[in-house]
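Step one of this worksheet: look at the structure below.
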Amino acid sequence: MQDEDRVFELINVSKSYGSTVVLKNVNLKVNQGDFISIRGKSGVGKTSLFRIMGLLELPTDGSLRLFGKDAAEMEEDEKASLRLRQLGLVFQFFNLLPSLTVAENVELPMALAGVKKLERRERVFELLRYFDLEGLAERFPESLSGGERQRVAVMRALVNRPRVLLADEPTSSLDDENSALLLGLLERVCREEKVAVVMTTTDLYENFPVCDDYFLKNGQLLRLNYK
Ligand SMILES: Nc1ncnc2c1ncn2[C@@H]1O[C@H](COP(=O)(O)OP(=O)(O)OP(=O)(O)O)[C@@H](O)[C@H]1O
Ligand SMILES: [Mg+2]
């Protein structure tokens with residue numbers, strides 16, 4: 001694997017909140033085009049790891065490198081710019097803006113990145129078609145089902161064509177059919193656009209054939225399968 005394909009490198013990452021140790025010496029390498037699942041029960045530290053990888057928090061110990069650069073050496077505006085353009089985040093509880101329509105929610109990161117209106121609209125409708133949600137463009141988040149909200153949150157994370165997508169429990173509020181649909185879409189983005197996808201899940205047993213599976217327990221991250 002060439003170094004330029006390396007997205008994340010976590011080296012002995014530990015995280016504590018006061019005296020509560022959540023992550024202990026976590027090591028993980030993620031390359032362009034990888035699809036990684038991090039499985040673990042509620043409360044084991046999945047969101048903590050997601051927030052560290054999403055540059056929203058620093059580890060208590062150890063280091064996180066993103067595109068070869070140590071997160072501890074990045075300024076806040078550099079992190080914000082990476083989150084806007086290179087690192088798409090899908091939060092566990094969606095974080096859609098209630099006063100904006102679906103199309104406006106998806107478009108927002110492009111507007112923040114200074115992309116012109118026409119190009120924004122084209123990209124938003126391209127994604128709506130890709131995710132089969134064209135009919136929802138003018139609806140507001142509160143009128144959407146959980147599965148639809150989940151797909152809107154994924155579209156918003158992808159709109160600026162990031163190199164990495166981090167998704168915290170993207171299937172937790174979905175039934176089996178919608179879970180399979182969303183995973184299929186993530187897999188397609190990973191395969192067709194070489195986006196590195198890292199998702200967390202509390203589903204310990206479901207077989208995701210395309211994923212490299214990791215398991216988080218007692219603060220430690222263990223690799224489950226080798227391809
Ligand atoms: N800001 C914080 N301050 C104190 N404790 C925290 C904080 N954030 C998380 N924790 C604790 O760290 C542990 C891991 O939390 P985290 O949210 O990472 O778990 P999780 O695996 O995402 O759980 P879930 O599947 O329920 O979302 C929990 O015991 C939680 O209470
Ligand atoms: Mg969580």
Side-chain angles (χ1 to χ4, degrees), residues 7-30 34-66 71-72 74 76 79-80 82-83 87-97 141 145-158 162 164-176 178-180 182-183 185-186 196-208 211-225:
V7 174
F8 282 110
E9 188 160 10
L10 283 76
I11 305 159
N12 293 326
V13 163
S14 298
K15 183 74 184 176
S16 304
Y17 298 103
S19 59
T20 311
V21 180
V22 179
L23 302 172
K24 283 184 226 164
N25 293 323
V26 167
N27 288 287
L28 177 66
K29 288 178 182 159
V30 181
D34 282 353
F35 192 154
I36 285 173
S37 79
I38 295 174
R39 301 174 187 234
K41 291 183 181 167
S42 179
V44 293
K46 299 180 300 300
T47 298
S48 305
L49 187 55
F50 168 87
R51 290 180 62 80
I52 290 169
M53 294 176 79
L55 306 176
L56 296 166
E57 277 180 47
L58 285 173
T60 316
D61 241 311
S63 62
L64 169 91
R65 299 179 76 81
L66 176 61
M74 295 177 190
E76 283 308 317
K79 292 186 204 175
L82 280 166
R83 276 196 302 272
L87 192 58
L89 303 186
V90 181
F91 291 88
Q92 188 171 358
F93 301 107
F94 314 137
N95 293 1
L96 298 176
L97 295 175
S145 74
E148 290 163 348
R149 282 178 212 202
Q150 193 63 268
R151 276 179 283 166
V152 174
V154 173
M155 284 192 289
R156 185 182 55 181
L158 289 173
V164 199
L165 183 75
L166 297 180
D168 195 12
E169 295 195 34
T171 58
S172 61
S173 63
L174 307 182
D175 59 21
D176 289 350
N178 275 298
S179 285
L182 186 79
L183 285 172
L185 289 167
L186 295 182
V197 178
V198 181
M199 67 165 204
T200 68
T201 176
T202 49
D203 197 332
L204 306 185
Y205 303 109
E206 184 70 32
N207 183 25
F208 306 136
C211 290
D212 286 322
D213 292 313
Y214 288 79
F215 185 54
L216 188 59
K217 191 179 177 187
N218 299 329
Q220 289 176 318
L221 188 69
L222 306 170
R223 185 152 187 189
L224 289 181
N225 62 351

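Order of listing sets the numbers, starting from 1, for every ligand and every atom in it. Position 1 is the first residue of the sequence, and the numbers go up from there.
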Heavy-atom nearest neighbour of atom 14 (C) of ligand 1 within options Gly43, Ser172, Ser42: Gly43
Ser145 side-chain N/O to Glu148 backbone N/O, donor-acceptor pair under 3.5 Å: yes
Sub-4.0 Å atoms of ligand 1 with respect to non-hydrogen atoms of Glu169: 24 (P), 25 (O), 27 (O)
Nearest-option assignment for atom 19 (O) of ligand 1, heavy atoms, candidates Gly45, Gly40, Ser16, Gly18: Gly45
Atom 31 (O) of ligand 1 touched by protein heavy atom at under 4.0 Å: no
Check: Asp203 main-chain N/O paired with Arg39 side-chain donor or acceptor under 3.5 Å: yes
Protein non-hydrogen atom found under 4.0 Å from atom 6 (C) of ligand 1: yes
For atom 2 (C) of ligand 1, the protein heavy atom that lies nearest, with its residue and separation: Tyr17 CD2, 3.4 Å
Side-chain ion pair, Asp212 and Arg223, N-O less than 4.0 Å: yes
Per-atom contacts of ligand 1 with Lys46, taking only distances under 4.0 Å to non-hydrogen atoms: 18 (O), 19 (O), 20 (P), 21 (O), 22 (O), 23 (O), 24 (P), 25 (O)
Side-chain donor/acceptor of Ser14 to backbone N/O of Asn25, under 3.5 Å: yes
Per-atom contacts of ligand 1 with Gln92, taking only distances under 4.0 Å to non-hydrogen atoms: 27 (O)
Backbone N/O of Gly40 and side chain of Lys46: donor-acceptor pair under 3.5 Å: yes
Side-chain heavy atoms of Thr200 within contact of Gln92, under 4.5 Å: no
Nearest neighbour in protein (non-hydrogen) for atom 16 (P) of ligand 1: Ser48 OG, 3.7 Å
Flag, side chain of Thr20 to backbone of Ser16, donor-acceptor distance under 3.5 Å: no
Arg156 (side chain) donor-acceptor with Phe94 (main chain) under 3.5 angstrom: yes
Side chain, backbone, both or neither: the part of Thr47 lying under 4.0 Å from ligand 1 by heavy atom: both
Metal site angle (apex the Mg ion (ligand 2)), OE1 from Gln92 and OG1 from Thr47, 10 degrees: 90°
Protein heavy-atom partner closest to atom 12 (O) of ligand 1 - residue, atom, separation in Å: Val22 CG2, 3.3 Å
Per-residue contact class, Thr202 against ligand 1 - non-hydrogen pairs under 4.0 Å: side chain
Beyond-backbone contact of Leu28 with Ile38, side-chain heavy atoms, under 4.5 angstrom: yes
